[in-house]
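Some notes on the structure that comes next.
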Amino acid sequence: MKREHAPHLSQFDGHHVNSWYAASAPLRERYPVLGEVVRCDVCVVGAGLTGLSAALTLVEKGLSVAVLEGALVGFGASGRNGGQILHGFAAPFRVFEQQLGTRAARQCWEASLDGLALIANRIHQHHIDCDLRWGFLTTASNRHQHQQLRKQLSTLHSCGYHDAQWLEGKELAEQINSPVYTAALHDSGCGHLHPLKYAQGLARAASRAGVRLFEHSPVTSIDEDRLGLQIGTPGGWIRADKMVLACNVDIGALQPQLRRAILPVESHILATAPLTAEHAASLLPEGAAVCSSDKLLDYFRLTPDHRLLFGGRTSRPYAQRQALIADRHARMVSIFPSLNNSPIDYAWSGHVDIGPARLPQIGRQGQRVYHAQGFAGHGLAFTGVAGQMIAEAIAGDLGRFDIFNKLYAHPLPLPASMEESLIRLGSLYYRLRDALGF
């Protein structure tokens with residue numbers, strides 16, 4: 001399969017990518033390869049957070065469900081992301097208001113809060129051990145970012161949300177010890193977790209509830225007739241009435257028109273060797289996850305074994321791996337100078353699916369095929385709600401689904417061969433804006 005069609009699946013060699021997540025979650029259930037004909041109400045393609053959430057909700061509603069995963073549970077973005085649990089969306093609230101009006105925009109915001117509650121509830125209900133911890137910082141390092149954070153706080157208050165507070169001076173130092181940042185929003189309603197452990201826990205819960213999961217089973221064909229859908233894999237078939245495409249950036253070979261509505265932007269994460277407990281606590285005393293306000297943002301957090309996970313985007317192609325690691329390491333040290341001599345134990349990447357205006361894309365083709373994509377880095381929490389909404393729609397409740405289905409994302413007017421150049425040009429532009437402080 002070509003990389004531009006499936007940038008995650010094209011990397012699959014039978015194992016998860018070499019990340020700290022995979023190394024710290026080595027034990028997991030094995031799911032069979034599809035080698036027969038299976039009949040069910042709904043076929044879900046993709047065993048990431050969206051697909052697993054849809055499958056779990058559907059089976060709870062009494063429908064029969066099969067999940068096809070071309071690699072392993074959580075192999076794509078769901079199992080290698082920054083682990084940050086966030087409300088809201090990558091797109092500003094005003095974009096939702098412009099497209100939907102104030103009332104529906106507020107309903108979208110409330111749905112994002114439902115995503116936070118859904119994670120907490122599922123972890124509790126299904127006893128998922130995934131290192132859940134609350135507390136999140138959005139930092140500012142210049143006047144423009146201060147102004148933007150103040151506006152963000154005002155918007156949160158106007159939506160009735162009061163778990164975020166402004167930090168400067170001593171209060172800021174109690175959360176993060178860095179010379180770079182001069183203010184931050186601390187949000188006690190957001191947090192972080194181990195995303196691969198969470199995905200594996202959702203798969204375990206879905207399987208126990210009756211979902212049939214198949215790994216190493218990439219979809220090779222989708223056909224529709226008057227009786228329903230026939231979904232082919234190298235070893236078998238699934239006959240279903242409805243289908244959910246939860247493929248993230250790997251959608252291209254199955255639905256090229258959906259692939260044309262997103263850009264697969266690489267994000268990269270380093271994991272240091274374990275620090276002493278005292279050193280780790282000196283960096284982030286309260287253990288909050290952090291995201292900068294830069295256009296090419298940095299995100300980082302501590303792990304239970306006292307590593308710093310440090311992620312972000314660069315304008316370098318992934319082929320220049322050592323230069324990329326050096327670039328990320330230099331950025332990390334600029335924020336935390338005491339990490340200058342800390343070895344890097346792991347370095348990995350994944351793709352973020354970013355669409356026009358950074359809006360989520362939740363919709364349906366015809367009456368049988370549903371999809372969700374375009375989470376643009378805010379997917380860990382909202383993917384759960386997206387899967388839940390699609391399951392509600394399939395079961396006959398179109399309320400929340402119809403609101404998000406009205407958001408419009410223009411297809412990107414360029415061939416796939418030009419995407420890498422566009423992404424690199426955009427990265428350089430945003431890097432310049434960050435350097436100039438606006």
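- Listed by first then second residue, pairs satisfying ring-ring contact (aromatic ring centres under 6.0 Å, His included) with a partner in residues 166-189 read His146-Trp166, not counting sequence neighbours.
- Donor-acceptor pairing under 3.5 Å is recorded for the side chains of Asp294 and Gln145.
- Of all heavy-atom pairs between Leu137 and Ala184, the closest is CD2-CB, 4.2 Å.
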For residues 88-98, tabulate all N or O donor-acceptor pairs below 3.5 Å that involve a side-chain atom, not counting sequence neighbours.
none

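- Contact check for Val211 versus Leu56: no side-chain heavy atoms found under the 4.5 Å cut-off.
- Here the closest non-hydrogen pair linking Ala381 and Ile85 is CB-CG2, 4.1 Å.
- For the pair Gln361 and Ala261, the tightest heavy-atom approach, listed with the atom from each and the gap, is NE2-O, 2.9 Å.
- Minimum heavy-atom separation, Leu308 to Leu284: CD1-CD1, 4.2 Å.
- A 4.5 Å side-chain heavy-atom check between His8 and Val249 finds at least one atom pair inside the cut-off.
- The side-chain heavy atoms of Leu185 and Leu167, taken from C-beta on, include no pair separated by under 4.5 Å.
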Exercise. For Asp250 and Arg259, what are the C-alpha separation, side-chain angles and deciding distance, and is it a salt bridge (charged side-chain N to carboxylate O under 4.0 Å, His left out)?
Worked result: CA-CA 8 Å; Asp250 293 325; Arg259 173 62 180 79; over 6 Å; no
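- Counting only N and O atoms by type, the side chains of His371 and Gln255 include no donor and acceptor under 3.5 Å apart.
- Sorted by first then second residue, the side-chain hydrogen bond (donor to acceptor under 3.5 Å, both in side chains) pairs that include residues 46-56, not counting sequence neighbours, are Ser53-Arg122.
- Closest non-hydrogen pair, Gly135 versus His192, comes out as O-CD2, 4.2 Å.
- Side-chain rings of Phe75 and Phe12 approach one another, their centers coming within less than 6.0 Å.
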Problem set entry | Check against ring pair (Phe, Tyr, Trp, His ring centres under 6.0 Å), Tyr31 and His216 | CA-CA 9 Å; Tyr31 301 102; His216 296 265; over 10 Å; no
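- When only modelled atom types and interatomic distance are considered, Ser338 and His279 share a side-chain donor-acceptor pair under 3.5 Å.
- Aromatic rings from Phe382 and Phe404 are positioned such that their centres are separated by under 6.0 Å.
- Of all heavy-atom pairs spanning Thr233 and Val219, the tightest one is CG2-CA, 4.4 Å.
- In this structure, Tyr346 and Trp348 have perpendicular ring planes: the angle between them is above 60°, well past the 30° mark.
- In this structure, CD on Gln200 lies 9.0 Å from CG on Leu72, to the nearest 0.5 angstrom.
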For this session: Begin from the C-alpha positions of Gln388 and Arg400 and carry the test side chain to side chain donor-acceptor pair (under 3.5 Å) through to its verdict.
Result: CA-CA 10 Å; Gln388 195 178 58; Arg400 295 195 299 176; 2.8 Å; yes
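- Here the two rings, on Tyr299 and Phe310, have centers that are 6.0 Å apart or farther.
- Using a cutoff of 4.0 Å between basic side-chain nitrogens and carboxylate oxygens, Arg358 and Asp353 are not scored as salt-bridged.
- Aromatic rings from Trp20 and His194 are positioned such that their centres are separated by under 6.0 Å.
- With a 4.5 Å cut-off on side-chain heavy atoms, Phe300 and Leu302 do not count as touching.
- Side-chain contact annotation: Tyr21 with Asn81, donor-acceptor N/O pair under 3.5 Å absent.
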